[in-house]
Number of protein chains: 2
Amino acid sequence: MNYNVPRMTRVESRAWLALITASELLPAALDSQLRRDAGLTHFEFIVTTVLRQADGNRLRVTDLALATNSTLPRLSKVVSRLEKRGLVERIADRVDGRSVNVVLTALGRRALIRAVPGHIDYVRRLVLDDLTEEQLVNLATALEPLVARLDPQHLYTLRN
Amino acid sequence: MNYNVPRMTRVESRAWLALITASELLPAALDSQLRRDAGLTHFEFIVTTVLRQADGNRLRVTDLALATNSTLPRLSKVVSRLEKRGLVERIADRVDGRSVNVVLTALGRRALIRAVPGHIDYVRRLVLDDLTEEQLVNLATALEPLVARLDPQHLYTLRN
DNA sequence: AATTTTTAGTTGCCGCGGCAACTACACGCT
DNA sequence: AGCGTGTAGTTGCCGCGGCAACTAAAAATT
């Protein structure tokens, strides 16, 4: 066998290590802040945020899945959880009998609105405040092609 | 209540969105490539890599946990899985009766060595090849303070 | 030396996400 | 109308990680 491996350069492995470490740790950190302060997982936060921005605070499950880079099963379960807590309602679609609309309730809206400031604050302290405008651009520019490749459907809609 | 939220600027939300999206999708992508091509999860890959670089291909469970930003329970379970497959062995420490040394077996070493080229290749295609040297530096520089904050112990040792 | 406290590691239970299987409805074709 | 194919969504089972509870051994305290 030929182990003629294309080794990484110093910078490459620095960047790569930072990226996988951040990817490993960031989701747990977000979950934990949001859970503690607002009783929501990060994914639930995203889902309710997307609903809030949607027309009539409602979206079909499939569209919600697309907008959140998620899968139908995952979303179906999250919606069930949120529904049990009254943050969201399932309403059968009048036009297409297969479709289900997920609607953010007033309670859900309030929960989200209460969660936002603390979360933004946390995000600022964790990442954004550190970076100059230029660094922010660089970061976005470096990551966007990666995201595009990771998300083959290019549905990456949260982008508001 | 006062919802005087510190809203994000355009760049901030671009950078933030790219970062959380990457964090959400990257780990699954790595797992899936490594699983398919080498039968290892990304975390198992990390663990075996750290062991391979360690003195005598062995490390105490606690040290392994520190080196991988992991917890003891998580690591204990991963080691059990790897042990079942013969990639790793548990050896009681001669000095401290509480400690367990995890040793990479020859089989484990071979499995890892087989996994590396394809993985590096994948990582290159996914991220690195896209970026100029300067962008790599920028990326690392932007993420490192974040990582430092996420990993309060600053044990972030994989760094070699 | 005996007792307490701390440290190392494992195990059980739970929650979450993935995949595959399934139901139900819609659409296309004849 | 009837049949097959495709689409929307849900559910069950599994694997993984977190936390808390536990065991066992070492260190510190008296």
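Chain naming here is simple, since letters A, B, ... match the order of the sequence lines and numbering starts at 1 in each.
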Roughly how many Å is it from [atom1] in [X] to [atom2] in [N], rounded to a whole number?
X: B:L64; N: C:dA8; atom1: CG; atom2: C1'; answer: 14 Å
X: B:D31; N: D:dC14; atom1: CG; atom2: P; answer: 20 Å
X: A:R81; N: D:dT11; atom1: CZ; atom2: C1'; answer: 14 Å
X: B:F45; N: D:dC16; atom1: CZ; atom2: P; answer: 18 Å
X: A:L25; N: D:dG17; atom1: CG; atom2: C1'; answer: 13 Å
X: B:E83; N: C:dG9; atom1: CD; atom2: P; answer: 14 Å
X: A:D63; N: D:dT7; atom1: CG; atom2: P; answer: 15 Å
X: B:I91; N: C:dA8; atom1: CD1; atom2: C1'; answer: 17 Å

Every protein N/O lying under 3.5 Å from an N/O of nucleotides 19-23 of chain C:
none

Legend entry - Side chain to side chain, A:L146 and B:L126, heavy atoms closer than 4.5 Å: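 The answer is yes, as the side chains (C-beta and beyond) meet within the 4.5 Å cut-off.
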
Legend entry - Non-hydrogen side-chain atoms of A:N101 and A:L59 separated by less than 4.5 Å: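 They are not in side-chain contact.
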
Inset, instruction - With sequence neighbours excluded, give me every ring-ring contact (aromatic ring centres under 6.0 Å, His included) pair touching residues 43-85 of chain A. - result: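 Pairs touching residues 43-85 of chain A that pass the test: A:F45-A:H119.
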
Inset, instruction - Mark yes or no for whether B:S76, through its side chain, and B:L72, through its backbone, hold a donor-acceptor pair below 3.5 Å. - result: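 Not confirmed, B:S76 side chain does not pair with B:L72 backbone.
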
Inset, instruction - Taking A:Q135 for its side chain and A:T132 for its backbone only, find out whether a donor-acceptor pair lies under 3.5 Å. - result: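 The answer is yes, because a donor-acceptor pair under 3.5 Å joins these two groups.
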
[X] side-chain proximity, nearest of [options]:
X: A:L72; options: C:dT10, D:dG9, C:dC16; answer: D:dG9
X: A:R98; options: C:dC25, D:dA25, D:dT10; answer: C:dC25
X: B:R60; options: C:dA8, D:dG15, C:dG15; answer: C:dA8
X: A:S99; options: C:dG17, D:dG9, C:dG9; answer: D:dG9

Legend entry - Whichever of A:T41 and A:V95 has its nearest DNA chain C nucleotide further upstream toward 5':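 Result of the comparison: A:T41.
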
Inset, instruction - Please list, chain by chain and in numerical order, all residues satisfying salt bridge (Lys or Arg N to Asp or Glu O under 4.0 Å) with A:E12, sequence neighbours excluded. - result: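 Result, salt bridge (Lys or Arg N to Asp or Glu O under 4.0 Å) vs A:E12: B:R124.
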
Legend entry - Passing candidate, side-chain contact (heavy atoms from CB on, under 4.5 Å) with A:V50, options A:V102, A:L64, A:D63, A:L104: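 For A:V50, the side-chain contact (heavy atoms from CB on, under 4.5 Å) test succeeds with only one of A:V102, A:L64, A:D63, A:L104, which is A:L64.
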
Inset, instruction - Answer with base, sugar-phosphate or nothing: what part of the nucleic acid does B:D96 contact at a heavy-atom distance below 4.0 Å? - result: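 If one applies the 4.0 Å heavy-atom cut-off, B:D96 turns out to touch the sugar-phosphate alone, with no base involved.
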
Legend entry - Short side-chain N/O contact to C:dA8 OP1/OP2 from B:R90, under 4.0 Å: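 Checking B:R90 against C:dA8: no side-chain N or O falls below 4.0 Å of OP1 or OP2.
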
Legend entry - Below 4.0 Å: OP1/OP2 of C:dC25 and any side-chain N or O of A:R94: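 No, because none of the side-chain N or O atoms of A:R94 sits under 4.0 Å from OP1 or OP2 of C:dC25.
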
